Amino acid sequence: MNELALSLMNIHVNVSGTSTRFFNVLAAPLVVTDGTTIPATAFLDDSGTAATAFPVITNGYYNLYVNGVLQEGDAYTISATELTFNDVDGIITAGTPLVVEAVDLVTVI
């Protein structure tokens with residue numbers, strides 16, 4: 001009978017993240033069709049300062065909230081310069097808050 005030695009590996013991985021949010025309350029109704037964009041400069045950051053760009057996230061994700069409701073990930077894309085709606089049609093009424101959340105994750109072994 002062959003016996004195999006049991007070897008246990010203990011790997012510690014720490015994951016930390018930073019979250020940056022950007023806010024826009026629509027001043028006018030927004031007609032949304034596939035490809036509709038909103039520039040990053042139309043948003044304010046957490047301190048109320050006008051955004052110049054969205055952060056580029058390489059290890060993390062973006063969330064989009066419309067009127068406080070998390071949107072499906074395929075319904076939008078975010079680049080450094082803009083939010084783009086994908087394959088959605090509708091009208092977002094004036095006064096509706098839009099929140100873009102950028103979460104960047106860092107792992108340390």
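Residue indices begin at 1 and follow the sequence shown. Side-chain atoms are counted along with the backbone in the values below, which use heavy atoms only and exclude waters and symmetry mates. Here the structure is a predicted model, which is why all the values come from computation and not from measurement.
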Contact check, side chains of Ser16 and Val106, non-hydrogen atoms, under 4.5 Å:
yes

In terms of heavy-atom contacts, Leu83 and Tyr76 come closest through CD1-CB, 3.8 Å

Going only through I, L, V, M, F, W and Y residues with side-chain contacts under 4.5 Å, is there a path from Val32 to Tyr65? no

### Message
Ignoring hydrogens and geometry beyond distance, is a side-chain donor-acceptor pair present between Ser19 and Glu101 at under 3.5 Å?
### Response
yes

When every non-hydrogen atom of Ile38 is compared with those of Leu30, the smallest separation belongs to CD1-CD2, 3.6 Å

So, Asn67 side chain and Pro97 main chain: donor-acceptor pair closer than 3.5 Å or not? no

### Message
Is the shortest side-chain heavy-atom distance between Pro39 and Phe54 below 4.5 Å?
### Response
no

Q: Inspect the surroundings of CG in Asp74 and state if more than 12 heavy atoms from other residues, nucleotides or ligands are less than 6.0 Å away.
A: no

Residues Leu105 and Gly17: closest non-hydrogen pair is CD2-CA, 4.1 Å

Taking Leu98's backbone N and O only, do any of them form a donor-acceptor pair with Asn24's side chain (distance below 3.5 Å, no angle check)? no

Just wondering, do Val100 and Ile78 contact through their side chains at under 4.5 Å, heavy atoms?
yes

Practice task
Would you kindly confirm whether Val99 and Val66 end up in one hydrophobic cluster when ILVMFWY residues are joined by side chain heavy atoms under 4.5 Å apart?
Solution key: no

Closest non-hydrogen contact found for Ala80 with Val56 is CB-CG2, 3.8 Å

- Message: Would you say that Val25 contacts Thr96 through its side chain, given a criterion of any heavy-atom pair below 4.5 Å between the two side chains?
- Response: no

Scanning both residues in full, the closest heavy-atom pair of Ala75 with Val88 reads CB-CG1, 4.0 Å

Tightest non-hydrogen contact, residues Ala40 and Ala51, listed as O-CB, 3.5 Å

field: Donor-acceptor under 3.5 Å (Tyr62 side chain, Ile57 main chain)
entry: yes

**Request:** Check whether any side-chain heavy atom of Asn63 lies under 4.5 Å from a side-chain heavy atom of Tyr61, and answer yes or no.
**Result:** yes

Decide yes or no on ring-ring contact (aromatic ring centres under 6.0 Å, His included) for Phe23 and Phe43, but give the supporting numbers first. CA-CA 5 Å; Phe23 305 89; Phe43 287 78; 8.8 Å; no

Mind running side chain to side chain contact (heavy atoms under 4.5 Å, CB included) on Asp34 and Asn86 for me, showing each step along the way? CA-CA 5 Å; Asp34 185 34; Asn86 302 322; 4.2 Å; yes

| query | Below 4.5 Å, heavy atoms only, C-beta onward: do Leu64 and Phe85 meet side chain to side chain? | reply | yes

